[in-house]
Protein chains: 2
Amino acid sequence: MPKIVDPEERRRAVAEAVFRVSARDGLEHASLRNVAEEAGLAIGSVRHYFSDHNDLMIFAMRELGRRVRLRIQAHADRLLASDPEGDRRAMAEQLLAEFLPLDDARREEAVLWLTFTTAARTRPELRPLADEMDDGVRAIVRRVLREARRVGGLPGAVDIPLQTLRLTALLDGLTLHAVLYPERVTPQSMRKVLRQHLAELARPTSPTP
Amino acid sequence: MPKIVDPEERRRAVAEAVFRVSARDGLEHASLRNVAEEAGLAIGSVRHYFSDHNDLMIFAMRELGRRVRLRIQAHADRLLASDPEGDRRAMAEQLLAEFLPLDDARREEAVLWLTFTTAARTRPELRPLADEMDDGVRAIVRRVLREARRVGGLPGAVDIPLQTLRLTALLDGLTLHAVLYPERVTPQSMRKVLRQHLAELARPTSPTP
DNA sequence: GCCTTTATAGCACGATCGAGCTAAATTCGT
DNA sequence: ACGAATTTAGCTCGATCGTGCTATAAAGGC
């Protein structure tokens, strides 16, 4: 029998081709033929690994979510390893900054995130994956805020659900703008906004009027 | 000669069909044939009024921008007419709330906004229109903030460009979430977030650390 | 060499699409 | 009725797409 190809690795490589085509031309151009060409394979080979086009799209989006999750996790681990008792606000900021497209790799990921999550609006098969990604972000933001409150970095009266909603909207809004209008939203400006936002959150306050 | 059709009205009606198809199925389904069917016309009729598919897309997006602009302007006029010297903060809040998808009509507009602006990423011909829409929002937010500072509603030291960036990101982020995850982001929660945001902006502060 | 398993390859078909183009219908003025 | 202008209509073609399906190549074990 022929040389064994690791199916999972092959699938990953094809998903990478989906990402490249989508980022460059839009998801609607990620046809089997275009993706096969981008991956340097014949369409028959691509179809050996994916039962149909939907299968490919689902796999690609799942792979994207996986990559984001791993990156955030690795970053959080690094932060904790470097100084478990360090400046909590700075750490929170750095962890949250990981959601922003501050360099080329993250920017491409953000492009793909936007592409797939907006496509999920009209593609039921991608819906659960979009929800999952959103859940992931909200959970982390909520945890960051809760932990900050617990250690006294935020006022006790802070409304965690509301501030989670607000902060995730801000992060995703900045990301959306960085993807669509990169000349208007630079890495410095995003960092500055995030820092300011966290600084304001930390101030003593009264409940919403 | 036959009964004259107002070309502009016909174009508007066809754009409405584009909106319906796009909102329901996604922009990639707004083919000439699908749009013609949605508009109750033969494809030949549609093509009499638009030189090609791109022309139709450009017109539709321009029409969308026009509608948003008119709606915001009318709302601002109404606010000023009702009480030119009224509670400035409440008025600012109400004006900015007009950018959020708080009812069905605005929600559909938000869906279309997201659909067209993300499509503009890979369609150069739509690019200027997306920029224009973004410019419009930023200009209004900036004006609101400036005016609030001028009348003492915001601290003199507030960084207007930074807060403009932050507030537009928040508004667009909430809108994005309301479109993609409507169960998670309700009209009440959006209003609450906006109110909180403006309340925090208004508090005395020191410049960013 | 044969068999089996795995991987590569792509033809063919029906569907949809945009656009070139032609033709017919409609309606008013003369 | 005719002519002109406007509107409606849709055939045709080449292109692209997903998918059913078949065929070939590749490689190891016996």
Side-chain angles (χ1 to χ4, degrees), chain A residues 1-61 115-116 119-120 122-126, chain B residues 1-61 115-116 119-120 122-126:
Chain A
M1 61 185 96
K3 188 165 184 177
I4 301 293
V5 172
D6 180 346
E8 207 63 16
E9 282 205 13
R10 172 53 54 82
R11 284 207 195 88
R12 288 239 180 79
V14 175
E16 288 291 332
V18 170
F19 295 157
R20 291 195 294 275
V21 173
S22 304
R24 191 179 59 223
D25 303 322
L27 194 61
E28 70 276 9
H29 284 92
S31 67
L32 289 180
R33 287 178 171 90
N34 285 340
V35 169
E37 183 176 351
E38 179 70 32
L41 298 169
I43 186 171
S45 295
V46 171
R47 292 170 56 194
H48 181 72
Y49 295 95
F50 297 95
S51 57
D52 56 35
H53 187 260
N54 256 351
D55 189 26
L56 174 60
M57 291 297 115
I58 291 166
F59 182 88
M61 192 173 179
T115 297
F116 278 93
T122 55
R123 291 178 176 228
E125 66 277 2
L126 299 183
Chain B
M1 62 185 92
K3 186 164 185 175
I4 301 293
V5 172
D6 179 347
E8 207 61 18
E9 284 205 12
R10 171 56 53 85
R11 284 205 195 91
R12 288 238 180 81
V14 175
E16 289 292 331
V18 170
F19 294 156
R20 293 196 294 275
V21 171
S22 303
R24 192 179 59 223
D25 303 320
L27 193 61
E28 70 276 9
H29 285 92
S31 67
L32 290 179
R33 289 179 169 88
N34 285 339
V35 168
E37 184 175 351
E38 179 71 32
L41 299 168
I43 188 170
S45 294
V46 171
R47 293 170 54 193
H48 179 74
Y49 294 96
F50 297 96
S51 56
D52 56 34
H53 188 259
N54 257 352
D55 189 26
L56 174 61
M57 290 297 113
I58 292 166
F59 182 88
M61 192 173 177
T115 297
F116 277 94
T122 55
R123 292 178 178 229
E125 66 279 359
L126 298 184

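Just so it is clear: chains get the letters A, B, ... in the order the sequence lines come, proteins before strands, and each one is counted from 1.
- A donor-acceptor distance shorter than 3.5 angstrom exists from the side chain of A:Asp55 to the backbone of A:Ser51, with no hydrogens or angles considered.
- The two residues A:Gly26 and B:Thr122 have their closest heavy-atom pair at N-CG2, 3.6 Å.
- Contacts between residues 48-55 of chain A and DNA chain D, defined by a heavy-atom separation below 4.0 Å, involve A:Asp52, A:His53, listed by number.
- Scanning residues 30-44 of chain A for heavy-atom distances under 4.0 Å to DNA chain D yields A:Ser31, A:Leu32, A:Arg33, A:Asn34, A:Ile43.
- Contact annotation: A:Ser45 does not reach the phosphate of C:dA7 (side-chain N/O to OP1 or OP2, under 4.0 Å).
- When every heavy atom of A:Arg12 is checked against every heavy atom of A:Phe59, the shortest pair comes out as N-CE2, 3.9 Å.
- When atom types are taken as modelled, the side chain of B:His29 and the backbone of B:Arg24 share no donor-acceptor pair closer than 3.5 angstrom.
- Every residue two or more places apart in sequence or in another chain was checked for a side chain to side chain donor-acceptor pair (under 3.5 Å) with A:Glu9, and none qualifies.
- Under the side chain to side chain donor-acceptor pair (under 3.5 Å) criterion, A:Ser22 pairs with no residue at all, not counting sequence neighbours.
- Pairing each heavy atom of B:Phe116 with each of B:Ala60, the nearest pair is CZ-CB, 4.1 Å.
- Across every non-hydrogen atom of A:Val35 and A:Ala17, the tightest pair is O-CB, 3.7 Å.
- One can place CZ of B:Arg11 at 10 Å from P of D:dT7, the figure rounded to the nearest angstrom.
- Considering only residues two or more places apart in sequence or on other chains, B:Arg47 meets the side-chain contact (heavy atoms from CB on, under 4.5 Å) condition with B:Leu32, B:Ile43.
- Of the side-chain N and O atoms in B:Arg10, one or more sit less than 4.0 angstrom from OP1 or OP2 of D:dT8.
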Distances under 3.5 Å between protein N/O atoms and the N/O atoms of nucleotides 21-26 of chain D, please, pair by pair.
residue, atom, partner, partner atom, Å
D:dC21, N4, A:Arg47, NH2, 3.3
D:dA26, N3, A:Pro2, N, 3.4

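- In this entry the distance linking NE2 of A:His29 with P of D:dC17 reads 8 Å, nearest Å.
- Closest of all the heavy-atom pairs between B:Arg11 and B:Tyr49 is NE-O, 3.0 Å.
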